[in-house]
Participant: 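Mind having a look at this structure? Questions to follow.
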Protein chains: 2
Amino acid sequence: MKNTVSISQENYLKVIFKLQNEHGIASNQSIAEKLEATPAAVTGMLRKLASLEWVEHTAYQGAVLTAKGQRIAISTIRKHRLWEVFLVDKLKFKWDAVHQWAEELEHIGDADFTERLDAFLGCPATDPHGDPIPDANGDWTGNERVIGADKLSREQIFTVRGVSNSASDFLQHLDALNIHLGKRFEVLDHFPFDGSWEWSDENGESLRISREVAGQLLVELSKKEK
Amino acid sequence: MKNTVSISQENYLKVIFKLQNEHGIASNQSIAEKLEATPAAVTGMLRKLASLEWVEHTAYQGAVLTAKGQRIAISTIRKHRLWEVFLVDKLKFKWDAVHQWAEELEHIGDADFTERLDAFLGCPATDPHGDPIPDANGDWTGNERVIGADKLSREQIFTVRGVSNSASDFLQHLDALNIHLGKRFEVLDHFPFDGSWEWSDENGESLRISREVAGQLLVELSKKEK
DNA sequence: ATAATTTTTTAATCTCACCTAAACAATAAC
DNA sequence: GTTATTGTTTAGGTGAGATTAAAAAATTAT
């Protein structure tokens, strides 16, 4: 008997997964916000997910995924991120335009389908925003060398590896600044007054970065250049 | 105000489109069969589609698409067939395994998305079963030179161009016979007793084809070879 | 500790798309 | 031209997933 997951259920599991990774537990309200539903709707769905043994729900506390629920959530995230790679690499969408379509595509396909998609895309390690793609077993290669760009200090050389915010306006702003994944910079200066930065790119062009931008950029430190 | 189409509605429009092309009008019952629903469900949905002005529904008669409804139906068919090409060409699915996934994928993407997919696939003219893919304007290049393989006569040389039945068991049988789109044959003989045929392929290998197979194969006549 | 506020749950309804069973048309048979 | 058959519609109901509004529990403030 094949336990089938509805689209709505998959969305709940995905959101609970992300929330519990941030806060240990997913509160009713935080789930409701992310899904743009009412708390009452969340209570009802949590009841159902609990009966399916995909979450453990403690009344008035919140929800935590079971091992089964986590498997489903990770698989959905894997599909989402693979489709994002498809949309950017193959269909030439800009990176700020892929989320809405990936939200729909992530519900399509079984394990075989997903592995074919993965192979076709060349088994990418990250999606277009730098987020790691879980492998077929649900394991992550969480890149521990990646830190927030607001944690840098002068003269450090680093490579942009991801964003912690994939909202369109932020991504478009990065495009305007000509900042993209894989680009290397050096920290020239930091200004505590407003938290802004001065960086230089590989051509020696310098640019100013606001606190807001640095705070949502994920970077990897490089060895000093000779 | 964006008139949004539900998945269920798209499926109805697609089925009505195909039925009305065969019989001029789509009867309640024929729609119900194709969608594996009850006639009562069809009545209800036709009412809604009529109120949206996508079909014209005459009680006890049947349904016919309006121009708007036809546009939606053709767009859905276009997406379905493009996704089938993707699944076979890119994800390496066999041609008998793509329908179920395409049924889900066909509901995803807007006009821009579809044109990107089309471009990525190289603007294919037909899907993996030989069915023509409507262009972005909804126009078909209905291949009038294609006829049923049961209409052939002795010594004619022809190329397999499509199938009029995409059921898995039929497609797998064709694979077993090593018959695929684009392959050329010559009619050696026809046996009225059971309606079967003897053909030869380009290597001179002869093979026997049942009435059932010939009746569902679409072929294009070639000029006689010198 | 009690009051005020926030969060969660319950209760009652809504919409969508489906179902079954019965009533009603249209078609075909005699 | 009644009668039988087939096809369609109505009527009433179900289940999933949502809603609003009110009740209950938890948290925070005084």
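None of these values were measured; they are calculated from a predicted model. All chains are named by letter (A, B, ...) in the order of the sequence lines, taking the proteins before the strands, and each is independently numbered beginning at 1.
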Participant: Tell me which nucleotide among D:dG17, D:dT9, D:dT8 gets nearest to the side chain of B:Q29.
Facilitator: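 Closest of the options to the side chain of B:Q29: D:dT8.
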Participant: From the list D:dG17, D:dG7, C:dC19, which nucleotide is the closest neighbour of the side chain of A:M45?
Facilitator: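 It is D:dG17.
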Participant: So does A:Y12 get a side-chain nitrogen or oxygen closer than 4.0 Å to the phosphate oxygens (OP1/OP2) of D:dA18?
Facilitator: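 Indeed, a polar side-chain atom of A:Y12 lies that close.
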Participant: Given D:dA24, D:dT20, D:dT9, which nucleotide is nearest the side-chain atoms of B:T43?
Facilitator: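 Shortest atom-to-atom distance from the side chain points to D:dT9.
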Participant: Compute both the distance and the angle, then confirm whether B:K90 meets the cation-pi test with A:F86: under 6.0 Å from the six-membered ring centre, within 45 degrees of the axis.
Facilitator: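 Pair B:K90/A:F86 does not count as cation-pi.
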Participant: It should be established whether A:H57 places a side-chain nitrogen or oxygen under 4.0 Å from OP1 or OP2 of nucleotide C:dT9.
Facilitator: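 Yes, within the criterion.
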Participant: Just by distance, do the side chain of B:R208 and the backbone of B:S196 share a donor-acceptor pair under 3.5 Å?
Facilitator: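 No.
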Participant: Could you state the atom-to-atom distance from CZ of A:R47 to P of D:dG17 in whole Å?
Facilitator: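 So the two atoms are 15 Å apart, to the nearest Å.
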Participant: Could you give me the CA-CA distance, side-chain angles and deciding distance for A:R211 and A:D150, then say whether side-chain contact (heavy atoms from CB on, under 4.5 Å) is met?
Facilitator: CA-CA 7 Å; A:R211 177 172 45 78; A:D150 53 349; over 6 Å; no
Participant: To the nearest 0.5 Å, tell me how far A:D118 CG sits from A:R81 CZ.
Facilitator: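 The CZ atom of A:R81 is 14.0 Å from CG of A:D118, to the nearest 0.5 Å.
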Participant: Is A:A59 touching bases, backbone alone, or none of the nucleic acid, heavy atoms closer than 4.0 Å?
Facilitator: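 The residue A:A59 makes sugar-phosphate contact but no base contact.
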Participant: With sugar-phosphate meaning primed atoms plus P, OP1 and OP2, does A:A37 contact a base, only sugar-phosphate, or nothing at under 4.0 Å between heavy atoms?
Facilitator: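 If one applies the 4.0 Å heavy-atom cut-off, A:A37 turns out to touch the sugar-phosphate alone, with no base involved.
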Participant: With nearest nucleotides of DNA chain C determined for A:S30 and B:A41 from heavy-atom distances, which residue corresponds to the more 5′ nucleotide?
Facilitator: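 Upstream on the strand: A:S30.
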Participant: Expressed in angstrom and rounded to an integer, what is the separation of B:L35 atom CG from C:dA17 atom P?
Facilitator: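 Rounded to the whole Å, the gap is 12 Å.
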Participant: Measure the distance from OH on B:Y60 to P on D:dG7 and round it to the nearest whole Å.
Facilitator: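 Result: 14 Å.
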Participant: Does D:dG17 have OP1 or OP2 sitting under 4.0 Å from an N or O in the side chain of A:S6?
Facilitator: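 Yes, because at least one side-chain N or O of A:S6 sits under 4.0 Å from OP1 or OP2 of D:dG17.
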Participant: What is the ring orientation for B:F93 with A:F113, classed by angle as parallel under 30°, tilted 30 to 60°, or perpendicular over 60°?
Facilitator: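 The rings of B:F93 and A:F113 sit tilted, inter-plane angle from 30° to 60°.
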Participant: Hey, does A:S8 reach any base, or is it just sugar-phosphate, or nothing, if we go heavy atoms under 4.0 Å?
Facilitator: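 Touches sugar-phosphate only.
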Participant: Atom CD of B:Q61 to atom P of D:dT9: distance rounded to whole Å?
Facilitator: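 Computing the B:Q61:CD to D:dT9:P distance gives 9 Å.
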Participant: Output the single nucleotide from D:dT19, C:dT20, D:dA18 whose closest atom is nearest the side chain of A:T38.
Facilitator: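 Nearest to the side-chain atoms of A:T38, counting from C-beta on, is D:dT19.
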Participant: How long is the line joining CD of A:E33 and P of C:dT6, in whole Å?
Facilitator: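 Rounding to the nearest Å, CD of A:E33 and P of C:dT6 are 14 Å apart.
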Participant: To the nearest angstrom, how far is A:Q9 atom CD from D:dG15 atom P?
Facilitator: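 After rounding, the reported distance stands at 16 Å.
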Participant: Grab the CD1-C1' distance between A:I31 and D:dG17 for me, whole Å please.
Facilitator: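 One finds 15 Å between C1' of D:dG17 and CD1 of A:I31, rounded.
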Participant: Expressed in angstrom and rounded to an integer, what is the separation of A:L49 atom CG from D:dG17 atom P?
Facilitator: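 Rounding to the nearest Å, CG of A:L49 and P of D:dG17 are 9 Å apart.
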